[in-house]
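Remarks on the structure that follows.
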Amino acid sequence: MVEDVRGAVLVTLSDREDAEELAEQLLEQGYEPCLVHRDMLAGEDDAEDVDWVIEVRTGPHGGSAVFDEPHLAALAEDYGGFASQG
């Protein structure tokens, strides 16, 4: 089952602990829901190389997290990751 992530910002990191730490920070800043899950890219063979994704739908202002994508991208870069719209 593929979940609909339109309107969300996906913050992608390579390390699970980093993803969980950043998700906690984002929750404290008022972002939600900050769901952390694994994301295996098409053609990816090694489960060890799977990225971790934080799905963020709503910003602290109550609107779509898409409006905060530059801020989320800067935070992701601090962890060696990136952010993109779902």
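The shown structure was predicted, so the numbers you read here are calculated from the model rather than taken from an experiment. Positions are given from 1 along the sequence.
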Rounded to the nearest 0.5 angstrom, the CG-CD distance for Leu26 and Glu24 is 10.5 Å
Roughly how far apart are Glu69 CD and Ser64 OG, rounded to 0.5 Å?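 With rounding to 0.5 Å, CD (Glu69) is 9.5 Å from OG (Ser64).
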Report the C-alpha distance between Val11 and Leu22 in whole Å, list the side-chain angles of each, state the deciding distance to 0.1 Å, and finish with yes or no for side chain to side chain contact (heavy atoms under 4.5 Å, CB included). CA-CA 9 Å; Val11 178; Leu22 182 53; 3.9 Å; yes
Any side-chain heavy-atom pair of Trp52 and Arg38 under 4.5 Å: yes
For Ala76 versus Leu13, what's the shortest heavy-atom pair and its separation?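 The pair with the smallest heavy-atom distance is O-CD2, 3.8 Å.
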Carefully, step by step, assess Gln29 and Leu75 under the rule side chain to side chain contact (heavy atoms under 4.5 Å, CB included). CA-CA 12 Å; Gln29 292 178 23; Leu75 292 172; 4.3 Å; yes
So, Gln25 and Tyr31: side-chain donor and acceptor under 3.5 Å apart, yes or no? no
Under 30°, 30 to 60°, or over 60°: which ring-plane class applies to His61 and Phe67, parallel, tilted or perpendicular? perpendicular
Does the Asp68 side chain pair with the main chain of His71, one donor and one acceptor, at a distance under 3.5 Å?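 Absent.
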Going through the checks in order, is the side chain to side chain contact (heavy atoms under 4.5 Å, CB included) test met by Arg57 and Glu32? CA-CA 6 Å; Arg57 292 190 175 273; Glu32 51 187 31; over 6 Å; no
Determine the sole option in Val36, Leu72, Leu27 for which the side chain to side chain contact (heavy atoms under 4.5 Å, CB included) test with Ile54 is passed. Val36
